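Everything numeric in this text was worked out from a predicted model, so none of it was measured. Numbers restart at 1 for each chain; the letters A, B, ... are given by sequence-line order, proteins then strands.
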Amino acid sequence: MPELPEVETIKRDLQEIILGKKITEVCVYNPAVIREPSPDVFKKSLKGLVVKNILRRGKLLILELSNGLSLTIHLKMTGQLVYPGGSKNSRVAFHLSGGKILDFNDQRLFGELRLVDDWRKIKFIRGLGPEPFDLTYADFRDMLSKKKTKIKPLLMDQSFISGIGNLYASEILFRAKIDPRRPAQSLTKAEKGVLYKETREVLSSAIVHGGSSIDDYVRLSGEPGGYVKFHRVYGRQGKLCFVCKGLIKKIAQGGRGTYFCPKCQR
DNA sequence: AATGGGACCTGCGCGC
DNA sequence: TGCGCGCAGGTCCCAT
């Protein structure tokens with residue numbers, strides 16, 4: 001968390017609210033989250049710039065600014081953007097034209113803010129695989145056929161496909177009825193087709209509902225996203241499967257929790 | 001190429 | 001009650 005649907009939701013919220021606004025002041029309360037340039041230069045350079053465009057690539061938010069620079073924001077696990085803000089716990093406060101504040105909160109300080117000349121050149125962006133919604137079925141099928149990796153960690157691999165994290169990987173595989181431990185290349189053509197379809201459906205439905213408010217994720221307004229009620233397996237270990245009434249199981253894969261129904265997912 | 005582990009962090013829930 | 005421990009996961013990095 002947050003993954004593609006949450007970041008996309010925040011992107012759309014930001015487009016409604018802060019597009020065209022000017023950054024009048026930046027207050028840095030914890031410099032650890034500013035990865036480049038130095039916090040001092042970051043703060044001074046942003047002052048007076050207007051937000052011209054707001055994009056998302058994978059789980060990265062990109063704010064294109066009036067002088068050609070871009071502010072990139074990675075929320076990692078506990079990052080939040082809240083408007084109107086002004087919380088005492090914020091790490092960075094962006095004062096905007098109109099007098100209100102956009103807060104960047106981040107309890108665990110994993111989040112990353114960067115001010116860069118060209119966001120396309122940053123290492124993280126260069127390493128990203130295709131966006132799920134830009135990927136054709138033919139390409140997806142071919143990509144899977146080349147991989148021996150287990151399917152669940154593969155879906156979370158940002159160089160393979162961008163934007164899917166631990167929560168949605170589990171949810172997508174449940175709906176596709178595929179065991180998360182299966183080697184990717186062992187999937188049948190039919191399974192690949194279902195996986196492709198469910199990847200798009202789960203992600204787009206999650207976006208429609210404003211993302212999943214698990215842990216710290218909130219929308220720009222501070223309100224929760226509404227997709228949690230559609231979760232079928234994530235965080236449900238030991239509970240009954242909604243489809244077969246069997247028990248949902250939790251296993252570790254690559255140091256991360258994987259949730260699945262051993263009966264429904266083969 | 002694939003896989004596993006640790007590092008970065010901090011609040012929370014658990015067991016004792 | 002209070003304490004210490006492990007866990008949560010996005011990404012990078014190193015080792016095998």
Side-chain angles (χ1 to χ4, degrees), chain A residues 1-11 29-36 56-62 72-81 87-92 104-114 116 119 121-129 131-132 142-173 180-187 203 206 211-218 225 227-228 231 233-239 248-260:
Chain A
M1 287 280 310
E3 307 177 23
L4 186 153
E6 289 75 31
V7 180
E8 179 67 21
T9 298
I10 294 172
K11 183 197 90 179
Y29 300 113
N30 194 317
V33 297
I34 296 167
R35 308 305 169 116
E36 67 175 300
R56 177 194 59 75
R57 195 67 181 81
K59 301 171 194 171
L60 190 72
L61 272 173
I62 301 153
T72 69
I73 302 171
H74 201 307
L75 301 171
K76 295 290 180 83
M77 262 97 65
T78 56
Q80 299 175 330
L81 286 172
S87 160
K88 284 206 180 306
N89 297 320
S90 77
R91 305 303 193 180
V92 179
F104 174 74
N105 305 325
D106 188 10
Q107 191 165 86
R108 289 170 70 180
L109 300 173
F110 283 1
E112 302 190 349
L113 305 185
R114 295 172 197 277
V116 296
W119 60 265
K121 287 184 183 160
I122 69 181
K123 195 176 166 191
F124 174 78
I125 290 287
R126 297 172 88 99
L128 284 180
E131 286 287 326
D142 293 346
M143 285 159 58
L144 287 176
S145 305
K146 292 179 191 139
K147 294 288 185 178
K148 297 178 179 175
T149 324
K150 292 177 181 67
I151 187 63
K152 196 263 190 170
L154 183 63
L155 287 178
M156 293 171 62
D157 179 348
Q158 301 302 296
S159 68
F160 180 76
I161 186 168
S162 57
I164 301 171
N166 203 42
L167 190 158
Y168 291 103
S170 285
E171 291 297 324
I172 288 165
L173 287 168
R181 300 164 292 191
R182 292 267 301 279
Q185 61 182 201
S186 77
L187 270 58
L203 295 177
S212 299
S213 280
I214 294 278
D215 300 328
D216 290 39
Y217 166 72
V218 290
Y227 193 67
V228 175
H231 291 183
V233 288
Y234 185 82
R236 299 196 64 248
Q237 70 274 22
K239 298 195 169 128
I248 301 298
K249 200 173 168 189
K250 180 183 182 186
I251 58 172
Q253 282 186 302
R256 298 290 174 259
T258 295
Y259 305 86
F260 70 113

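In terms of phosphate contacts, A:Q158 brings no side-chain nitrogen or oxygen within less than 4.0 Å of OP1 or OP2 of C:dG10. Within the structure, a side-chain polar atom (N or O) of A:K59 is placed less than 4.0 Å from OP1 or OP2 of C:dT11. Proximity of A:H74 to the phosphate of C:dT11: a side-chain N or O atom is located under 4.0 Å from OP1 or OP2. OP1 or OP2 of C:dA8 has not a single side-chain nitrogen or oxygen of A:Y217 nearer than 4.0 Å.
One interatomic measurement links the two molecules: CG of A:L128 to C1' of C:dT11, which rounds to 11 Å at whole-angstrom precision. For the pair A:Q237 CD and C:dC7 C1', the computed distance is 12 Å after rounding to whole Å. The distance between atom CZ of A:R256 and atom P of C:dT11, rounded to the nearest whole Å, is 10 Å. Between the P atom of C:dA8 and the NZ atom of A:K76 lies a distance of 19 Å, rounded to the nearest Å.
C:dC13 and B:dC9 have their P atoms separated by 15 Å, given to the nearest Å. C:dC7 and B:dG5 have their P atoms separated by 13 Å, with the value rounded to a whole Å. Spacing between C:dC12 and B:dG11 at atom P, rounded to whole Å, works out to 25 Å. Atom name P, nucleotides B:dC12 and C:dT11: the rounded distance is 24 Å, in whole Å.
With respect to the salt-bridge test (charged N to carboxylate O, under 4.0 angstrom), the residues A:R57 and A:E131 qualify.
Looking only at distances, no side-chain donor or acceptor of A:E112 sits under 3.5 Å from a matching main-chain atom of A:R35.
When DNA chain B is scanned 5' to 3' for any atom under 4.0 Å from a heavy atom of chain A, the first and last hits are B:dA2 to B:dG11.
A:L167 has its side chain out of reach of A:Y259: every pair of non-hydrogen atoms, C-beta onward, lies at least 4.5 Å apart. Between A:F260 and A:I251, the closest side-chain pair of non-hydrogen atoms falls below 4.5 Å. Between A:L60 and A:L128, the closest side-chain pair of non-hydrogen atoms is not below 4.5 Å. Contact of the A:M77 side chain with the A:D216 side chain is not registered, since no non-hydrogen atoms from C-beta on lie closer than 4.5 Å.
Searching all strands for a Watson-Crick or G-U wobble partner of C:dT1 with both distances below 3.5 Å returns nothing.
Heavy atoms of A:G257 sit under 4.0 angstrom from primed sugar atoms or phosphate atoms, though from no base atom. Nucleic acid contact for A:E112: none, since no nucleic acid atom lies under 4.0 Å from a heavy atom of the residue.
Side chain of A:M156, nearest nucleotide from C:dT11, C:dG9, C:dG10: C:dG10.
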Under 3.5 Å, which protein N or O atoms sit close to an N or O of nucleotides 14-16 of chain C? Give each pair with its distance.
none

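No hydrogens or angles were tested; on distance alone, a donor-acceptor pair under 3.5 Å links the side chain of A:R108 to the base of C:dA8.
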